[in-house]
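What you see below is based on every heavy atom in this structure, not just the backbone, and it leaves out hydrogens, waters and symmetry mates. Numbering of residues begins at 1 and proceeds along the displayed sequence. Just follow the structure's listing: the first ligand is 1, and inside any ligand the first atom is 1.
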Amino acid sequence: MASRASHSSSANSVQPWDAFDTGWYLTHNYGTLRDDDQEIIHRTGDHFAATCGGAGRGIDVGTGANLYPALTMLPYCEELTLSDRASSNVDWLRREVMDYSALWDRYWAELAGKGRYSPVVDPRAALARVATVRQGDIFRLPAARWDIGTMFFVAESLSSERAEFELAVAKFVCCLVPGAPFAAAFMAHSHGYLVGDRTFPAVAIGVDDVARSLEGIAHNVHITKIATTAPLRQGYDGMILVLGHAGATAPGGEGRR
Ligand SMILES: C[S@@+](CC[C@H](N)C(=O)[O-])C[C@H]1O[C@@H](n2cnc3c(N)ncnc32)[C@H](O)[C@@H]1O
């Protein structure tokens, strides 16, 4: 596992996370359902439907202003932790999970037709019942605590330090119990991103970097490059989706990659 990078102007610890403009980010990224997010939702929903047993504890790390990862875990969680470092995002999330806005209906509709999701007749009430929003740091996550997890556009988008990307991936995967299914998404070759009037850094990673970051800590890993007809912004090269299971090997069995 990589050690935490020392402080520098691009390190995670010195970014102005509390000034993250949640409303701008929400409108810009999720105001309309994009084709790449739509594909990610379907692939993630199918992965969890195929691999999840009963209900357990779920976590979405670095939730920001995105509720769709949480929605993909909804049928499988009796407790669902939404965790983010930015106080602006946490304040918004605490209000939003109580009665989420109509914007997310379009996202739930992508899942509602799938067998494991159709019994959830009132996803808005279900999320309000199971969700707990916590302000927290990915680098301080406890180990082996959750049974299912998601982390979307976080590890590569929290600093420009490659060691912090690798450590963030490891912290996310290792906060799950061995065997737990997870989904993680990444912006490929991102050079940083604008949120309102502030620019946040990124690490320019590709599929090979993602694969390397999971070596020895995850198994049954499937990595997909997600195409789009209309990029979200300039300065990146598509999205990467990883579906897999925590732990080097399946509990009681051989892991494969
Ligand atoms: C590019 S946004 C992604 C938000 C959301 N997951 C999505 O899919 O759009 C990166 C998120 O990482 C969060 N973040 C940055 N540093 C973090 C840290 N050390 N621990 C937890 N979250 C962090 C930010 O507050 C922000 O919400």
key: Joint cluster assignment, F139 & V169, ILVMFWY side-chain distance < 4.5 Å   = yes
inquiry  = Under a plain distance cut-off of 3.5 Å, with no hydrogens placed, do S10 and E161 share a side-chain donor-acceptor pair?
reply    = yes
query = If you measure only the distance, is there a donor-acceptor pair under 3.5 Å linking the side chains of T63 and D84?
reply = no
Any N or O of I138 closer than 3.5 Å to N or O of ligand 1 = yes
key: Ligand-side contact atoms (ligand 1) for residue partner G64, heavy atom cut-off under 4.0 Å   = 4 (C), 27 (O)
Criterion side-chain contact (heavy atoms from CB on, under 4.5 Å) against I226, the qualifying member of M239, R34, Q38 = M239
request  = Identify whether V177 and M151 are in the same connected component of the hydrophobic contact network (ILVMFWY, side-chain heavy atoms under 4.5 Å).
outcome  = no
request  = Could you point out which residue of D208, D36, D237 forms a salt bridge (charged side-chain N to carboxylate O under 4.0 Å, His left out) with K225?
outcome  = D237
task = Provide the number and element of each atom of ligand 1 under 4.0 Å from a heavy atom of N89.
result = 25 (O), 26 (C), 27 (O)
Numbered atoms of ligand 1 (with element) below 4.0 Å of L158, judged on heavy atoms = 15 (C), 16 (N)
ask   = Counting heavy atoms only, which of D37, T63, I40, N66 is nearest atom 8 (O) of ligand 1?
value = N66
Ligand 1 contact on F200 by region, counting heavy-atom pairs under 4.0 Å = neither
inquiry  = Just to check, does Y193 reach to within less than 4.0 Å of ligand 1 when the distance is taken from its heavy atoms?
reply    = yes
request  = Could you see which bit of W17 sits under 4.0 Å from ligand 1, with heavy atoms only: side chain, backbone, both or neither?
outcome  = side chain
inquiry  = Under 4.0 Å, counting heavy atoms only: does D137 come that close to any atom of ligand 1?
reply    = yes
request  = Would you please indicate if the ring centroids of Y236 and Y193 are separated by under 6.0 Å?
outcome  = no
ask   = If you measure every N/O of F152 against every N/O of ligand 1, is any gap under 3.5 Å?
value = yes
ask   = Does ligand 1 have an atom that lies less than 4.0 angstrom from a heavy atom of G136?
value = yes
ask   = Has ligand 1 got any nitrogen or oxygen that is less than 3.5 angstrom from a nitrogen or oxygen of Y30?
value = yes
request  = Tell me whether L194 is reachable from F20 by hopping between hydrophobic residues (I, L, V, M, F, W, Y) whose side-chain heavy atoms are closer than 4.5 Å.
outcome  = no
request  = List every atom of ligand 1 that sits less than 4.0 Å from any heavy atom of A86, numbering the atoms from 1 in the order shown and giving each element.
outcome  = 25 (O)
Expected output: side-chain Y107 to main-chain L71 donor-acceptor under 3.5 Å = no
request  = Flag F139 as yes when one of its N or O atoms lies below 3.5 Å from any N or O atom of ligand 1, and as no otherwise.
outcome  = no
